[in-house]
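The next block holds one structure in the form of structure tokens; read it before the comments.
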Amino acid sequence: MATRGGFLNIVALAVLVQVAAAATYTVGGSKGGWDLSTDLQTWALAQKFVPGDSLSFTYAPSHDVVEVTKSEYDACTASTPIQSYAGGSTVIKLSAPGKRHFICGISGHCTAGMKLEVDVVSAAAAATPPPVPTPTKPEAPAASHGPRLPGSSPLGSAPSTASSSSEPPAVDLVLAPVSPPPSQSAADEVGHPKLAIGLTIGMLMAVVL
């Protein structure tokens with residue numbers, strides 16, 4: 001019994017809070033109204049309606065307020081209206097979650113923009129803040145895999161110690177063998193015939209003279 005009583009108290013408290021928080025919205029806002037010049041749907045999308053709120057329609061005698069089904073709302077017809085209102089001032093209570101549709105039943109007014117779709121959400125849904133988008137971390141740019149120039153080394157590798165291609169190639173020098181100087185005996189062999197020829201020429205000159 002105690003548990004049931006506590007539950008009923010919570011329900012009653014929720015109803016009291018909802019009634020206290022209920023608001024009455026003037027259709028079209030303070031600078032508009034239920035007429036042909038107000039952008040009614042943009043106004044409705046900027047509001048957040050919950051059960052217990054009310055819509056206050058203020059309009060000229062040349063208009064009326066007709067609540068219709070979704071299909072008649074889309075077709076701008078009122079052949080089977082849910083409810084019709086006239087008189088220049090109408091207050092409609094939004095008692096439960098769901099979408100409700102209103103048009104002006106005067107011929108041509110609905111197609112000219114005098115229509116209103118209201119989305120009534122639960123009090124819990126209305127109190128829930130929209131999710132905050134999580135920022136995405138930009139990805140690091142991928143390393144380039146383009147063609148490498150000849151002789152270049154990949155990133156991070158040690159520089160090459162090979163000789164530059166502009167240096168001339170090494171040439172092995174080949175030295176021709178050097179002949180040793182002639183020995184003293186070979187020089188003597190060459191000098192003896194020259195000495196004999198000189199003595200012979202001297203003797204001939206002495207005889208002539």
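All values derive from a computational prediction rather than experimental measurement.
A 4.5 Å side-chain heavy-atom check between Thr58 and Val27 finds every atom pair outside the cut-off. For the pair Val121/Pro97, no side-chain contact is recorded, criterion being any heavy-atom separation below 4.5 Å from C-beta on. Using a 4.5 Å heavy-atom threshold, the side chains of Arg100 and Glu67 count as touching. Here the side chains of Tyr25 and Val118 are not in contact, with every heavy-atom distance at 4.5 Å or above.
Considering every non-hydrogen atom in both Gly28 and Leu40, the closest pair reads CA-CD2, 4.2 Å. Across all their heavy atoms, Ser95 and Pro51 have their closest contact at O-CB, 3.7 Å. Residue Glu117 comes nearest to Lys99 through the heavy atom pair OE2-CD, 4.0 Å, listed as atom of the first residue, atom of the second, then distance. Contact record, Ala23 with Asp53: N-OD1, 2.8 Å, taken as the closest heavy-atom pair. The two residues Thr69 and Ile82 come nearest to each other via the heavy atoms N-CD1, 4.1 Å. The two residues Pro81 and Glu72 make their nearest non-hydrogen contact at N-OE1, 4.2 Å.
At a threshold of 4.5 Å between side-chain heavy atoms, the hydrophobic network of Ile, Leu, Val, Met, Phe, Trp and Tyr places Val65 and Leu116 in one connected group. Linking ILVMFWY side-chain heavy atoms closer than 4.5 Å, directly or via other members, places Val66 and Leu36 in two distinct hydrophobic clusters. Ile92 and Trp43 end up in the same hydrophobic cluster when Ile, Leu, Val, Met, Phe, Trp and Tyr side chains are linked at under 4.5 Å.
For Phe57, the ring-ring contact (aromatic ring centres under 6.0 Å, His included) criterion is met by Trp34, Phe102, not counting sequence neighbours.
Within the structure, disulfide (SG to SG under 2.5 Å) pairs that include any residue of residues 64-103 comprise Cys76-Cys110 (at least two apart or interchain).
The distance from atom CE of Met114 to atom OG1 of Thr38, rounded to the nearest 0.5 Å, is 8.5 Å. The distance from the NZ atom of Lys31 to the OG1 atom of Thr26 is 14.5 Å, given to the nearest 0.5 Å.
A distance-only check finds no donor-acceptor pair linking the side chain of Lys115 to the backbone of Cys104 [under 3.5 Å].
Classification of the His101-Tyr73 ring pair by plane angle, with boundaries at 30° and 60°, yields tilted.
Side chains of Tyr59 and Thr90: a donor on one and an acceptor on the other come within 3.5 Å.
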